[in-house]
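As structure tokens, the structure follows; a few thoughts come after it.
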Protein chains: 2
Amino acid sequence: MRDVAERAGVSLKTVSRVINAEAGVTPATAERVTEAIAELGFERNDLAASLRHGRSSHTLGLVIEDVANPFYSAVAQAVEAVARDRGFLLITASAREDAVRERELVAALLRRRVDALLIVPAGPDHRYIASSSRAVFLDRPPHGIEADTVLLDDLGGARDAVEHLIAHGHTRIACVADDAGLYTMRERISGYREALKKAGIDEDPSLVVTGNRDVAAAQAAVTRLLSLPRPPTALFTANNRNTIGALHALRDAPGPAALAGFDDFELADLLGTTVVRADPWKLGEQGAGLAFARLDGDDGPPRTVTIPTELVPRGSGER
Amino acid sequence: MRDVAERAGVSLKTVSRVINAEAGVTPATAERVTEAIAELGFERNDLAASLRHGRSSHTLGLVIEDVANPFYSAVAQAVEAVARDRGFLLITASAREDAVRERELVAALLRRRVDALLIVPAGPDHRYIASSSRAVFLDRPPHGIEADTVLLDDLGGARDAVEHLIAHGHTRIACVADDAGLYTMRERISGYREALKKAGIDEDPSLVVTGNRDVAAAQAAVTRLLSLPRPPTALFTANNRNTIGALHALRDAPGPAALAGFDDFELADLLGTTVVRADPWKLGEQGAGLAFARLDGDDGPPRTVTIPTELVPRGSGER
DNA sequence: TTGTAAGCGTTATCAG
DNA sequence: CTGATAACGCTTACAA
């Protein structure tokens, strides 16, 4: 910038004015500066600019479980879209359900002075996130602190799915889920139980299988379930990984079974898979919205938003 | 940091030493400083640190078409994983096949002094990317400049797919693709033509449909193709969007048609869809590798790496 | 082992 | 309308 000033025969401040389109510069002067900038290929350093006036350079941080999971990549897309509309850039990092890694990533983002942090929390305790820093929790609530949070209606959605299966005559309904330590899984399992209870069906613990972290594990679990002496006649799968694993298992299964899953997924329509849909786009959009509201000065008490779910019958749950 | 120094009764520099674990500080002094840091909840400002010594704060920039497309989200995941191994953070931005937007995003990332830029280029001209800046092009080559590039074997993969269909007796093979202006599409269409030519089959221009940007457009295109007076007996779909659109169209089609698609996708195995697979993870991994090689001092001429493809027969292409 | 001074690239203040 | 100077939070070079 100094070089530009020298070349244009003006002061540093004048160059700064031109760059930021500030008022009070003679067109002639501005012209000379603009030329010098072009000739020197000058490019303002946003990092330095943000250093000066406190506000970190228009950046949001997003800590997510796994960018490659379509549910979370949709969340990331939504957050990025909102950020982009406000001229913000987004740093995305994957924690992979690892609490240590999550902490490191959060620390790194905070050190980089992101203006706000959106996080799908994996760790057991979030007091380390200074309440002063703008953090919005997505998909799962924080532990140990109060903060803005956007959740899905996990319990209600799961209940709807299971009630749907019950309405179609099923009483032996299995529940196939990821790690029961996850908030979303606990809620969805509660929804499953509520539906059974409401219908007066006793829960058979051998039909509840948790801890399936990926498609392969879910497939194995469902295969096992279907080969029980008294196999379930219907399955409730608690997330997209488990639903897809179940579909694989069902393809090779001796008998048919009804299926209703939590989370919509691409090709679910083609496969005729009944699901409860919770829009990941909305999750990200609302999360980013809360973050920007804070940046805009909202300092009310922490808010929690819940995204509703919607049952989408496509055949697999109606047999 | 000044506050910490004051509280610990030491100088700024000593605090700096402790923070960076530099040698030459008495344990006792270090202890006092550490305490002061904890009490004040001090957190080093990485932006300021990077400003001082030139090197931008360990950040990579990634400009991609669309984070929500599973192919690109896998690329992003790979880049992030490599970056993370080196202690780098990743800023990801979606250009949505918009050249103007792409330029803005690149400029914003450069202003933020990312150490390297990985980009899936959409624009027609990339001379605006200073050759001095470390840029690696992914999936498509740059225009107007020389730079490190990682491509897929688009032509070879497409040829393999079409030859596979030909080997199964097909001669009326349609080609269903995205915008023909895209490098990958041009290459894949060339591969399609090469295979036809090699087999002595005359191309029927009415069987080549391009410009299908999303699943719905691809579905409509295939539906139209299948209702031609002399419909194709086989389809080559040039990317994952088009393959999925074709699957939708085929479900409702009067007669069957063989199908081989470019890009693998989740559930392709379940659906028995024959594809040519090009690993997006490798694309990102190699791209990040090239970028870091440059950061490590490699200043040889620009390199181009090509990721091989692999035909995965699953039934849809063998009938 | 510890401290002082200067500077990274920008913007804010206030004077000219 | 324009410019000198300080400041942002940190690190490097050089002393003490």
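Note on naming: letters A, B, ... go to the chains in the order of the sequence lines (proteins, then strands), and numbering restarts at 1 for each one. The shown structure was predicted, so the numbers you read here are calculated from the model rather than taken from an experiment.
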Evaluate side chain to side chain donor-acceptor pair (under 3.5 Å) for R112(A) paired with T59(B), printing each intermediate quantity in order.
-> CA-CA 10 Å; R112(A) 212 136 319 184; T59(B) 310; 3.2 Å; yes

Sub-3.5 Å donor-acceptor pair from the side chain of R86(A) to the main-chain atoms of H58(A), do we have one?
->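 Judged by distance alone, no pair lies under 3.5 Å.
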
R186(A) side chain to G181(A) backbone, donor-acceptor under 3.5 Å = yes

When you check the gap from the basic side-chain N to the acidic O, do R294(B) and D148(B) get nearer than 4.0 Å?
-> yes

Salt-bridge criterion met for R213(B) and D179(B) (N-O under 4.0 Å) = yes

Taking [atom1] from [X] and [atom2] from [N], how many angstroms apart are they, rounded to a whole number?
X: R112(A); N: dC10(D); atom1: CZ; atom2: C1'; value: 15 Å
X: E6(A); N: dG9(C); atom1: CD; atom2: P; value: 14 Å
X: L12(B); N: dC8(D); atom1: CG; atom2: P; value: 11 Å
X: L51(B); N: dA7(D); atom1: CG; atom2: P; value: 17 Å
X: D46(A); N: dT11(C); atom1: CG; atom2: C1'; value: 13 Å
X: H58(B); N: dC10(D); atom1: NE2; atom2: C1'; value: 14 Å

Who are the salt bridge (Lys or Arg N to Asp or Glu O under 4.0 Å) partners of D125(B), not counting sequence neighbours?
-> R127(B)

Within the modelled atom types, does a donor on one side and an acceptor on the other bring the side chain of R52(B) and the base of dG9(C) under 3.5 Å apart?
-> no

base_contact_polar (dT2(C) base, R17(B) side chain, donor-acceptor, <3.5 Å) = yes

[X] side chain, from C-beta outward: closest of [options]:
X: T14(B); options: dT2(C), dG3(D), dA13(D); result: dT2(C)
X: F42(B); options: dG9(C), dC10(D), dG3(C); result: dC10(D)
X: K13(B); options: dT10(C), dT4(C), dC8(C); result: dT4(C)

Pick the nucleotide of DNA chain C nearest each of R2(A) and S16(A); which residue has the one closer to the 5' end?
->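 Looking at DNA chain C, the more 5' nearest nucleotide goes with R2(A).
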
Taking DNA chain C as the partner, which of residues 21-34 of chain A come within under 4.0 angstrom of it by heavy atom?
->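 Going residue by residue through residues 21-34 of chain A, none turns out to have a heavy atom under 4.0 Å of DNA chain C.
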
Between N45(B) and dC8(D), is there a side-chain N or O to OP1/OP2 distance below 4.0 Å?
-> no

Check whether any side-chain nitrogen or oxygen of S11(A) sits under 4.0 Å from OP1 or OP2 of dA4(D), and answer yes or no.
-> no

Could you check whether R44(A) gets within reach of a base, just the sugar-phosphate, or nothing at all, counting any heavy atom under 4.0 Å?
->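 Sugar-phosphate: the residue R44(A), judged by heavy atoms under 4.0 Å, touches backbone atoms but no base.
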
Have a look at N20(B) and say if it touches a base, only the backbone sugar-phosphate, or nothing, with a 4.0 Å heavy-atom cut-off.
-> sugar-phosphate

With a 3.5 Å cut-off and sequence neighbours excluded, list the donor-acceptor pairs that the side chains of residues 138-146 of chain B form with protein atoms.
{"from": "D139(B)", "atom 1": "OD2", "to": "Y72(B)", "atom 2": "OH", "distance (Å)": "3.1"}
{"from": "R140(B)", "atom 1": "NH1", "to": "E65(B)", "atom 2": "OE2", "distance (Å)": "3.3"}
{"from": "R140(B)", "atom 1": "NH1", "to": "E97(B)", "atom 2": "OE1", "distance (Å)": "3.3"}
{"from": "R140(B)", "atom 1": "NH1", "to": "P121(B)", "atom 2": "O", "distance (Å)": "2.8"}
{"from": "R140(B)", "atom 1": "NH2", "to": "E97(B)", "atom 2": "OE2", "distance (Å)": "2.9"}

